[in-house]
Amino acid sequence: MPNTGGSLLANLMHFARALRAAGLPVGPGKVIDAVAAVRAIGITDRRDFYWTLHAVFVNRPDQRLIFDQAFHVFWRNPDLLKKMMGLVLPELRIEGEEETELDAAMTFSDREQLRGMDFEKMSLEELARAKAAIARLRLPVQDVPTRRFAPDRHGARADLRATLRAALRSGGLIELKRRSPRRRPPPLVVLCDISGSMSRYSRIFLHFMHSVTNDRDRVHTFVFGTRLTNITRYLRHRDVDLALERVAEAVVDWSGGTRIGHCLGEFNRLWSRRLLGQGAIVLLITDGLDRDAGAGLAHEMDRLHRSCRRLIWLNPLLRYEGFEPRSLGMKAMMPYVDEFRPVHNLESLGTLIEVLGAPLARRGTAASTWRLKEERAA
């Protein structure tokens, strides 16, 4: 079939993009495997076609439902499926059909609608557009002074060593040298909940984390459900598909329960001292629904809060009007966060970027605000 290879690859690439937009870790290698499998099996009906692609693209139990929905949405047009079969079996080919093309152009109103749409309610096409927008995001985090100094003619501190060395070189002429603290972006640590209640959001947040990791240095990313996993090195791959495929292979507790206190305790013991120096900012992404009913959570949140310069809790549940943190886990966390913000659409991510680029707010503002609301409600 010398004339069908390119078309077969192109059609399967479209389907692979749909799966990737839905959150499955699909890279170029799996597309090639899918082409080889379809040709080798010699499919003759929809069921064979389904299970052939299922064997290639699905490797975890939590991916089955996503694949099933994506398959039936993508191939819901029977004429399109027949055309696909014709690429594999020449006798089933349908002549004279026009190729379907997608218009990727978006009007201003389309973009505004996409910015305000909840990630959970997006179609596959809308998710793909959202991920493309996320890939273009940049974090303008303000530089902070470090403990190291650099030469600065207008610096506030005198540099005696540099002054003496200059005097020796010039034969006794003394010019007072000055210095000032070096400035660089603070470390950014992301702790993201990947439990079942967060699954749709955590998959899109991985794209955000990949974009941030490849935009600046000193970004450290962890995911947690019932255990803590450091995925920083995987997200450093420039290819987002390869990066997410490596993450999927490394993480074993997708879409399960959540032990927030246990996982934060592990982070505090093993990673806090080495990562939270020099004014680190921590983004804690979770809905606060804890399987352990908040056991030990207040202690670990207090320790995390004391170790960093700024602790921002991002919670998708804040999208609901009138939301109140009533669960034991949420109440244990609230006193120790500096910012409490929603994160459920592109607009909320844009607001987060503006907040990170703004001057540091007074610590404890978020907790004080919620305590005041509770007192008034009582």
Output yes when a side-chain donor or acceptor of [X] lies under 3.5 Å from a complementary backbone atom of [Y], and no otherwise.
| X | Y | value |
| --- | --- | --- |
| Ser211 | Ile134 | yes |
| Ser348 | Asn345 | yes |
| Thr258 | Ile260 | no |
| Thr221 | Val190 | no |

Q: Taking ring-ring contact (aromatic ring centres under 6.0 Å, His included) as the test, write out the residues that go with Phe222, two or more places apart.
A: Phe267, Trp271
(Q) So that I know where these two stand, are Tyr201 and His344 an aromatic pair - ring centroids less than 6.0 Å apart? (A) no
Q.
Working note: Arg227 + Val252, criterion side chain to side chain contact (heavy atoms under 4.5 Å, CB included); need CA distance, chi angles, decisive distance, verdict.
A. CA-CA 9 Å; Arg227 66 183 69 183; Val252 298; 3.4 Å; yes
Q) Taking side chain as C-beta onward, heavy atoms only, is Met122 less than 4.5 Å from Arg129? A) no
Would you call [X] and [Y] a salt bridge, taking side-chain N to carboxylate O under 4.0 Å as the test?
| X | Y | answer |
| --- | --- | --- |
| Arg259 | Asp292 | yes |
| Asp302 | Arg306 | yes |
| Asp118 | Arg319 | yes |

Distance-minimising heavy-atom pair for [X] and [Y]:
| X | Y | answer |
| --- | --- | --- |
| Leu264 | Leu304 | CD2-CD2, 4.3 Å |
| Gly225 | Asp253 | N-OD2, 3.1 Å |
| Asn214 | Arg236 | OD1-O, 3.3 Å |
| Ser202 | Cys192 | CB-SG, 4.2 Å |
| Met333 | Leu297 | CG-CD2, 3.4 Å |
| Leu206 | Val223 | CD2-CG1, 4.4 Å |

Mind checking the [atom1]-[atom2] spacing from [X] to [Y]? Nearest 0.5 Å is all I need.
| X | Y | atom1 | atom2 | result |
| --- | --- | --- | --- | --- |
| Leu19 | Leu24 | CG | CG | 5.5 Å |
| Arg60 | Glu249 | CZ | CD | 9.5 Å |
| Asp193 | Leu314 | CG | CG | 12.0 Å |
| Glu120 | Ser199 | CD | OG | 8.0 Å |
| Asp68 | Gln63 | CG | CD | 13.5 Å |
| Ile312 | Asn315 | CD1 | CG | 14.0 Å |

For residues [X] and [Y]: do they belong to one hydrophobic cluster (side chain heavy atoms under 4.5 Å, members Ile, Leu, Val, Met, Phe, Trp, Tyr)?
| X | Y | answer |
| --- | --- | --- |
| Leu311 | Leu318 | yes |
| Leu270 | Val282 | yes |
| Leu124 | Leu114 | no |
| Ile231 | Leu242 | no |
| Trp51 | Leu65 | no |

Q: Classify the ring geometry between Phe340 and Trp313 as parallel (under 30°), tilted (30 to 60°) or perpendicular (over 60°).
A: tilted
Q: Would you please classify the geometry between the Phe49 ring and the Phe71 ring as parallel, tilted or perpendicular, with 30° and 60° separating the classes?
A: tilted
Q.
For a side chain to side chain contact (heavy atoms under 4.5 Å, CB included) check, start with the C-alpha distance between Phe57 and Ile66, then their side-chain angles and the critical distance, and finish with the verdict.
A. CA-CA 11 Å; Phe57 291 120; Ile66 297 174; over 6 Å; no
Q) Per the side chain to side chain donor-acceptor pair (under 3.5 Å) rule, which among Arg273, His299, Glu300 passes with Asn268? A) Glu300
Q. Asp338 and side chain to side chain donor-acceptor pair (under 3.5 Å): which partner among Arg309, His305, Arg310?
A. His305
Q) With distance as the sole criterion, is a donor-acceptor pair present between the side chains of Ser197 and Asp287 under 3.5 Å? A) yes
**Q.** Thr351 and Glu354 side chains, donor-acceptor separation under 3.5 Å
**A.** no
Q.
Against Val240, only a single residue in His207, Lys131, Glu245 fulfils side-chain contact (heavy atoms from CB on, under 4.5 Å); can you say which?
A. His207
